[in-house]
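A short worksheet on the structure shown next.
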Protein chains: 2
Amino acid sequence: MTEQTQAARRPTRQRAAIAQALTGTVEFRSAQEIHSSMAGDGTRVGLATVYRNLQAMAADGEVDVIRTADGEAVYRSCATDDHHHHVVCRSCGLAVEVTGDAVERWAEAVAAEHGFTQVRHTVEIDGLCAECAARR
Amino acid sequence: MTEQTQAARRPTRQRAAIAQALTGTVEFRSAQEIHSSMAGDGTRVGLATVYRNLQAMAADGEVDVIRTADGEAVYRSCATDDHHHHVVCRSCGLAVEVTGDAVERWAEAVAAEHGFTQVRHTVEIDGLCAECAARR
DNA sequence: GCGCTTCATGACAACGATTCTCATTCGGGA
DNA sequence: TCCCGAATGAGAATCGTTGTCATGAAGCGC
């Protein structure tokens, strides 16, 4: 039903640059941050293009998106293609990928218990990473 | 640090009206929806006031807030004061409160494992409720 | 290599949710 | 009842994000 995504996606300089800007980062960053960081590197790409590509990549599962507390969308390219979650540092933004069969099963069970089907879930954990905690 | 919230909150007609509008609803609703639903009932309250009160109530834990996929904040007054999560119907918005020691423990454990402290977490489950699923 | 057709891009306007500003109103204690 | 400060309301201002549309670059058949 929602298959056939990456049908015809044309490889462009901009798309590559965005993917490039995303690799090697362990923090989640907003479209705007990515845009200006690219601008800082001398790569001129339109803001709208950044948004479009980021969304497309997210739809294809190439990158992960989560929402910050104030509703801003932040992106990051993840190491695994598999379903996973994140533990994010509130202070420095460091994000660690984690998997947890326990949660997956719990979510399924709880949903089923209430008669829900076609279940999806969101699980994000945030706190202070060891480094930031020590720095206080 | 973030204590001492409900210090001095003055009870006003508007505040009561908003609380009123929230009770007896099992769906999460946006500030705008609440505002216009109140307007429909003949209760005139400024939109800014709705936002302010909703935020204050959320800060006091009187209501729960979650973000929809497109980043909009939606509110609902919950039955329990205790920490809990929700299973939300994507189709009709029905929201059921659930608790899960399993998740809480998992979150703590996973975070600790990576050296994180002062951990908080977000867990939301969405799917189709039995009724909506049958209706298809 | 040469056009052509089509999709992607970029600049900027438009939008929608939320927040801010500031004059006015109202609640509550003196 | 009077006064002070908190709460409100109207509308402007913000800010992230999306839409518009003319221009530019890819892919493809020749």
Item to complete: Could you state the atom-to-atom distance from CG of L47(A) to C1' of dC15(D) in whole Å?
Response: 11 Å
Worksheet item: Going by distance alone, is a donor N or O of one side chain under 3.5 Å from an acceptor N or O of the other, for T68(A) and D70(A)?
Response: yes
Discussion item. With a cut-off of less than 4.0 Å, is there a side-chain N or O of Q14(B) near OP1 or OP2 of dC26(C)?
Written reply: no
Practice prompt. Measure from the side-chain heavy atoms of P11(B) and tell me the nearest of dG28(C), dA8(C), dG19(D).
Written response: dG28(C)
Discussion item. Tell me whether the rings of H121(B) and H85(B) are parallel (<30°), tilted (30 to 60°) or perpendicular (>60°).
Written reply: tilted
Worksheet item: Choosing from dT18(C), dG10(C), dT8(D), which nucleotide comes nearest the side chain of R67(B)?
Response: dT18(C)
Worksheet item: What integer distance in Å separates R52(B):CZ from dA10(D):P?
Response: 11 Å
Discussion item. Tell me if the aromatic rings of H35(A) and Y51(A) count as close, with their centers under 6.0 Å from one another.
Written reply: no
Worksheet item: In whole angstroms, how far is the C1' atom of dT8(D) from the CZ atom of R10(B)?
Response: 11 Å
Worksheet item: Is the shortest side-chain N to carboxylate O distance from R120(B) to E124(A) below 4.0 Å?
Response: no
Worksheet item: Between dT18(C) atom P and E72(A) atom CD, what is the distance in whole Å?
Response: 14 Å
Discussion item. Please determine whether any donor N or O and acceptor N or O are separated by less than 3.5 Å between the side chain of R13(A) and the base of dG24(D).
Written reply: no
Practice prompt. For the residue pair D64(A) and H84(A), confirm or rule out a side-chain donor-acceptor distance under 3.5 Å.
Written response: yes
Worksheet item: Just how far, in rounded Å, is P of dG16(D) from NE2 of H35(A)?
Response: 13 Å
Practice prompt. Give one of base, sugar-phosphate or nothing for T12(A), where a contact means two heavy atoms less than 4.0 Å apart.
Written response: sugar-phosphate
Practice prompt. Would you indicate what R44(A) reaches in the nucleic acid, counting non-hydrogen atoms under 4.0 angstrom: base, sugar-phosphate, or nothing?
Written response: sugar-phosphate
Practice prompt. Looking at every strand, decide which applies to E33(A) at a 4.0 Å heavy-atom threshold: base, sugar-phosphate, or nothing.
Written response: nothing
Worksheet item: Roughly how many Å is it from OH in Y51(A) to P in dC15(D), rounded to a whole number?
Response: 13 Å
Worksheet item: Atom CZ of R15(A) and atom P of dA8(C): how far apart are they, to the nearest Å?
Response: 8 Å
Practice prompt. May I have the distance from D70(A) (atom CG) to dC15(D) (atom P), rounded to whole angstrom?
Written response: 12 Å
Fill in: Phosphate contact (dT18(C) OP1 or OP2) by Q55(B) side-chain N/O below 4.0 Å
no
Worksheet item: When all nucleic acid strands are considered with a 4.0 Å heavy-atom cut-off, which category describes N53(B): base, sugar-phosphate, or nothing?
Response: sugar-phosphate
Discussion item. Can you identify which nucleotide, out of dG10(C), dT17(D), dA8(C), has its nearest atom closest to the A31(A) side chain?
Written reply: dT17(D)
